[in-house]
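Below, read A as the first sequence line, B as the second, and so on, with proteins coming before strands; counting in each chain starts at 1.
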Amino acid sequence: MKVNVLFFASLKEDLGVSEIELDVSMLAGRSELLSALKNELGTECVAPVLEENVSIAINRRIEKGDFALKDGDEIAFLPPITGG
Amino acid sequence: MKVNVLFFASLKEDLGVSEIELDVSMLAGRSELLSALKNELGTECVAPVLEENVSIAINRRIEKGDFALKDGDEIAFLPPITGG
Amino acid sequence: MDVIRVQAEDFTLATEYKACTDVAGRDCGAIATFVGLVRQADGDTQVTGLHLEHYPGMTEASIEKIVEDARQRWSLQHIRVIHRIGELSAGSQIVLVVVASTHRPDAFAACEFIMDLLKTEAVFWKKEIRSTGEIWIKSTAGDYDRRDGWENAATSSMK
Amino acid sequence: MDVIRVQAEDFTLATEYKACTDVAGRDCGAIATFVGLVRQADGDTQVTGLHLEHYPGMTEASIEKIVEDARQRWSLQHIRVIHRIGELSAGSQIVLVVVASTHRPDAFAACEFIMDLLKTEAVFWKKEIRSTGEIWIKSTAGDYDRRDGWENAATSSMK
């Protein structure tokens with residue numbers, strides 16, 4: 001199934017891409033997602049995404065634990081946020 | 001010598017006067033000032049001025065203790081202040 | 001130069017904000033403002049207006065003292081205080097405080113400090129014209145608590 | 001209804017203040033506002049601009065959450081939050097918060113709370129364009145301290 005992956009701010013700059021489509025299996029969790037990402041972008045390239053201070057949002061909601069993806073989910077990698 | 005006495009806000013309303021001239025002796029202090037005021041306005045009338053929460057300002061400066069008046073001083077009786 | 005005005009005329013927040021940004025300078029990152037209004041009701045009591053009296057010269061000096069105290073405590077670029085006097089109808093603007101600083105904590109703290117001290121230290125008298133009669137307003141116990149709270153409070157929170 | 005807007009266009013304090021007083025109602029006695037600006041210098045470093053990125057939908061929801069939290073804590077009549085995105089030159093306005101309340105302590109506290117939480121909880125990313133290069137800004141330890149400070153703080157200070 002297909003999921004959409006978004007990168008913001010410094011991640012978008014580091015990876016040189018703001019959005020990719022990934023093919024993952026039904027109910028794929030965090031580790032399968034990251035594996036698919038490594039395959040797609042290359043292990044070296046993906047390092048910034050794996051940093052501890054990067055959050056993952058599924059359909060615009062931060063997910064701190066594991067998750068089970070569904071077809072059409074929107075996954076976003078968010079570097080540290082700050083507004084105001 | 002002459003000094004000028006001002007009353008503000010509720011005191012002005014209670015006494016029905018905003019400003020009077022008093023004749024006091026050189027270097028008159030707090031008690032002489034109040035006596036002169038009683039003579040001028042009447043003992044009953046002056047009660048609001050003597051209330052504990054009324055401040056006295058000499059030439060626009062609050063005087064909490066005693067003082068020694070000079071010719072032409074401006075004395076103001078201030079009921080509790082509040083701005084903002 | 002900070003600006004302090006005591007006036008019968010109304011003020012315009014936009015004009016004062018613009019005047020503040022014009023002089024605040026290159027390091028200004030934060031502008032906190034406060035406007036106090038004549039409430040039209042106090043619980044069930046209808047308020048139709050406010051009569052504000054001052055003591056020319058002494059009132060301005062009392063505000064200057066508050067502004068100087070704020071400058072001692074925080075790092076500020078510009079301060080404007082405008083306080084109205086005379087007859088104000090319900091809903092009218094009474095007081096404006098504008099504070100510019102490099103960082104938001106200083107701007108917020110100074111703006112709130114100035115408002116708190118205006119309540120207890122500024123030489124004004126306020127009479128509320130209510131449907132039930134006229135009443136001279138006094139600072140509340142809460143007003144004094146807030147003033148006293150600043151005495152032990154931290155000063156500049158710049159980092 | 002509170003107002004939350006995320007937009008590239010500039011905002012006008014006067015317009016938002018007017019809109020606030022129009023809806024705040026008869027009990028409104030206090031309007032606190034805050035404007036954040038792009039500083040033109042950070043110490044000796046010259047700042048020429050700011051690039052602000054957001055995540056449509058998620059950003060608005062993160063601000064709504066902050067505004068709801070403020071409403072839980074204090075008694076407020078109206079809240080407006082406008083946050084700009086895109087390319088902002090030095091000196092530009094970034095963010096506006098307007099809070100109306102019956103009494104000043106609630107208006108001040110809520111305005112400061114919203115700004116503090118925008119720093120750490122709102123979904124934005126800021127890149128500062130400096131004379132020395134570009135840098136993605138992160139919340140500071142001080143920002144987190146201020147956010148955490150609200151957790152133990154008193155809520156409504158209405159009397």
Side-chain angles (χ1 to χ4, degrees), chain A residues 2-22 24 28 30 33-34 37 40-41 44-84, chain D residues 4-6 34-39 50-67 81-85 88 93-97 111-128 133-144 146-147:
Chain A
K2 304 282 191 187
V3 295
N4 216 31
V5 181
L6 308 179
F7 304 102
F8 287 93
S10 59
L11 291 179
K12 182 169 68 182
E13 289 183 348
D14 290 344
L15 275 62
V17 59
S18 64
E19 184 170 357
I20 57 169
E21 201 181 57
L22 278 185
V24 293
R30 188 177 288 258
L33 173 70
L34 295 176
L37 211 57
E40 183 73 23
L41 297 171
E44 276 171 41
C45 201
V46 94
V49 173
L50 306 179
E51 281 183 21
E52 208 184 339
N53 59 15
V54 170
S55 303
I56 298 183
I58 313 290
N59 300 324
R60 300 186 168 79
R61 239 181 72 164
I62 300 279
E63 294 290 351
K64 289 189 191 292
D66 207 352
F67 42 77
L69 296 176
K70 296 181 306 298
D71 191 40
D73 274 351
E74 179 174 285
I75 296 134
F77 287 90
L78 315 178
I81 56 174
T82 184
Chain D
I4 293 169
R5 296 208 306 266
V6 176
F34 181 86
V35 177
L37 305 168
V38 182
R39 274 181 288 145
L50 202 63
H51 164 80
L52 261 152
E53 210 172 305
H54 80 307
Y55 183 0
M58 189 167 181
T59 301
E60 289 83 351
S62 67
I63 302 175
E64 276 162 31
K65 166 96 172 55
I66 295 168
V67 166
V81 179
I82 303 179
H83 204 300
R84 293 181 69 192
I85 49 171
L88 305 183
Q93 301 182 129
I94 308 169
V95 60
L96 170 72
V97 178
C111 191
E112 192 165 5
F113 170 88
I114 290 169
M115 276 306 305
D116 282 349
L117 271 77
L118 285 173
K119 284 280 170 186
T120 60
E121 311 301 308
V123 179
F124 290 99
W125 298 275
K126 281 180 183 173
K127 188 167 65 175
E128 223 172 61
E134 300 182 349
I135 183 169
W136 287 99
I137 307 291
K138 290 181 186 174
S139 312
T140 64
D143 290 332
Y144 288 112
R146 289 175 63 86
R147 177 198 63 184

Could you check which of D/Ala61, D/Pro56, D/Gly36 has the highest count of heavy-atom pairs closer than 4.5 Å to chain A? D/Pro56
Largest heavy-atom contact set with chain D, pairs under 4.5 Å, which of A/Pro79, A/Ala57, A/Ala76: A/Pro79
Please report all inter-chain donor-acceptor pairs (under 3.5 Å) between chain A and chain D, with distances to 0.1 Å.
from    : atom 1 : to       : atom 2 : distance (Å)
A/Ala9  : N      : D/Glu53  : OE2    : 2.7
A/Lys12 : NZ     : D/Glu53  : OE2    : 3.1
A/Glu13 : OE1    : D/Trp136 : NE1    : 2.9
A/Glu13 : OE2    : D/Lys127 : NZ     : 2.4
A/Arg60 : NE     : D/Pro56  : O      : 2.8
A/Arg60 : NH2    : D/Pro56  : O      : 3.3
A/Glu74 : OE2    : D/Tyr55  : OH     : 2.4
A/Pro79 : O      : D/Trp125 : NE1    : 2.8
A/Ile81 : O      : D/Ser139 : OG     : 3.3
A/Thr82 : N      : D/Phe124 : O      : 2.9
A/Thr82 : OG1    : D/Lys119 : O      : 2.9
A/Gly83 : N      : D/Leu118 : O      : 3.0
A/Gly83 : O      : D/Lys126 : NZ     : 3.4
A/Gly84 : N      : D/His83  : NE2    : 2.8
A/Gly84 : O      : D/Lys126 : NZ     : 2.5

Quick test of your reading: applying ring-ring contact (aromatic ring centres under 6.0 Å, His included), list the pairs with at least one residue in residues 44-84 of chain A, sequence neighbours left out, ordered by first then second residue. A/Phe7-A/Phe77
Region of A/Leu6 in contact with chain D, defined by heavy-atom distances below 4.5 Å: side chain
